[in-house]
Amino acid sequence: MDAFARGAWRYGLPVAAAGLVAAVIWLPLGVALWATTGAVFWFHRDPERAVPPDGVVAPADGTVSVLREEGDRLRLGIFMNLHHVHVNRAPFGGTVEAVEHSPGGHWPAFTKSSDRNERLRVDFGDHEVVLIAGAVARRIHPYVAEGVTVDRGERIGHISFSSRVDLLFPPEVDRSDLTVSEGDSVRAGETCLTRC
């Protein structure tokens with residue numbers, strides 16, 4: 001797997017090219033653009049993760065910011081700040097039943113208003129993962145499609161620049177099964193949300 005999320009070159013190369021042109025005109029601007037290029041690639045980094053042999057793993061790096069019941073289901077949301085890895089992973093293994101994009105706003109991902117933001121729902125039948133755009137995030141990149149089978153911890157997409165990922169658990173999972181609570185930091189594909 002590449003060291004960067006898919007599509008990172010699309011964001012980084014134009015800035016690097018602009019830096020080359022700017023350096024001819026005014027070197028400090030060129031240097032600033034090259035530094036920005038480095039930041040873009042750093043943001044889109046995609047490190048390998050050591051997936052535990054069992055349990056439910058976090059779908060995103062970040063901080064648990066949402067934990068609430070919705071009917072007979074439990075929703076856990078993870079807020080990803082700019083310094084987190086933004087490649088998202090499957091919390092369970094399974095077959096994708098649907099991938100649905102919903103347009104919407106771009107409210108800060110840590111606020112209640114973000115429930116109306118642009119999102120991509122990856123439905124696995126008994127559970128779903130929802131990638132939510134934030135105030136800065138404007139691009140959600142799915143890696144999976146309907147009918148694809150993934151393993152727990154496998155990459156399923158990424159969001160470019162600051163956002164949130166929600167996991168709607170199967171009905172049989174409740175708060176007593178969780179090993180994390182609001183405010184906890186988690187790592188995609190590595191942190192167990194239930195006992196491993």
**OP:** Using a strict cut-off of less than 4.0 Å between a Lys/Arg side-chain nitrogen and an Asp/Glu carboxylate oxygen, indicate whether Arg175 and Asp177 qualify as a salt bridge.
**Re:** no

Original post:
When you look at Arg164 and Ile78, which way does the side-chain contact (heavy atoms from CB on, under 4.5 Å) test go after all the steps?
Top reply: CA-CA 5 Å; Arg164 191 176 102 203; Ile78 300 169; 5.7 Å; no

**OP:** With salt bridge (Lys or Arg N to Asp or Glu O under 4.0 Å) as the test, would you mind laying out the steps for Arg155 and Glu48 before giving the verdict?
**Re:** CA-CA 10 Å; Arg155 295 164 176 88; Glu48 291 297 330; 3.3 Å; yes

Subject >> Residue pair His86 / Ser160, side-chain donor-acceptor N/O under 3.5 Å >> reply: no

**OP:** Test side-chain contact (heavy atoms from CB on, under 4.5 Å) on Val165 and Ile132 and set out the steps.
**Re:** CA-CA 6 Å; Val165 173; Ile132 304 169; over 6 Å; no

**OP:** Would you check, one step at a time, whether the test side-chain contact (heavy atoms from CB on, under 4.5 Å) holds for Val180 with Leu67?
**Re:** CA-CA 10 Å; Val180 296; Leu67 192 54; over 6 Å; no

Original post:
Hey, is Glu70 close enough to Arg68 for a salt bridge, meaning N to O under 4.0 Å?
Top reply: yes

Subject >> Exercise: identify the closest heavy-atom pair between Leu76 and Phe169 >> reply: CB-CE1, 3.8 Å

Original post:
Between the main-chain N or O of Arg187 and the side-chain N or O of Thr191, is there a donor-acceptor pair closer than 3.5 Å?
Top reply: yes

Original post:
Is it the case that one hydrophobic cluster holds both Ile159 and Leu168, taking links as side-chain heavy atoms less than 4.5 Å apart, direct or via other members?
Top reply: no

Original post:
Looking at Arg119, Arg121, Glu118, which one forms a side-chain hydrogen bond (donor to acceptor under 3.5 Å, both in side chains) with His101?
Top reply: Glu118

Original post:
Among Val130, Val96, Val148, Val150, which one satisfies side chain to side chain contact (heavy atoms under 4.5 Å, CB included) with Val122?
Top reply: Val96

**OP:** Identify the two heavy atoms, one from Gly19 and one from Trp34, that lie closest to each other, and give their separation to 0.1 Å.
**Re:** C-NE1, 3.4 Å

**OP:** Assess whether side-chain contact (heavy atoms from CB on, under 4.5 Å) is satisfied between Met80 and Asn88, documenting all intermediate values.
**Re:** CA-CA 10 Å; Met80 296 183 290; Asn88 308 127; 3.6 Å; yes

Original post:
Where the side chain of Thr95 meets the backbone of Phe124, is there a donor-acceptor pair that is under 3.5 Å apart?
Top reply: no

Original post:
Is the ring centre of His84 less than 6.0 Å from the ring centre of Phe79?
Top reply: no

Distance-only criterion, 3.5 Å: show the donor-acceptor pairs between side-chain atoms of residues 49-60 and protein atoms not counting sequence neighbours.
unit_1	atom_1	unit_2	atom_2	d
Arg49	NH1	Asp61	OD1	2.8
Arg49	NH1	Ala188	O	2.9
Arg49	NH2	Asp61	OD2	2.9

**OP:** Return yes if some donor-acceptor pair links the side-chain N/O of Arg89 with the main-chain N/O of Gly153 below 3.5 Å, else return no.
**Re:** yes

**OP:** Determine the minimum heavy-atom distance between Cys192 and Thr194, stating which atoms define it.
**Re:** CB-O, 3.1 Å

Original post:
Closest approach of Asp174 and Leu74, non-hydrogen atoms and distance?
Top reply: C-CD2, 3.8 Å

Subject >> Closest approach of Val64 to Ser181 (non-hydrogen atoms, all atoms of both residues) >> reply: CB-O, 3.5 Å

Subject >> Expected output: side-chain Thr37 to main-chain Ala16 donor-acceptor under 3.5 Å >> reply: yes

Original post:
Looking only at heavy atoms, which two atoms of Ala133 and Ile140 are closest? And how far apart?
Top reply: N-CD1, 3.9 Å

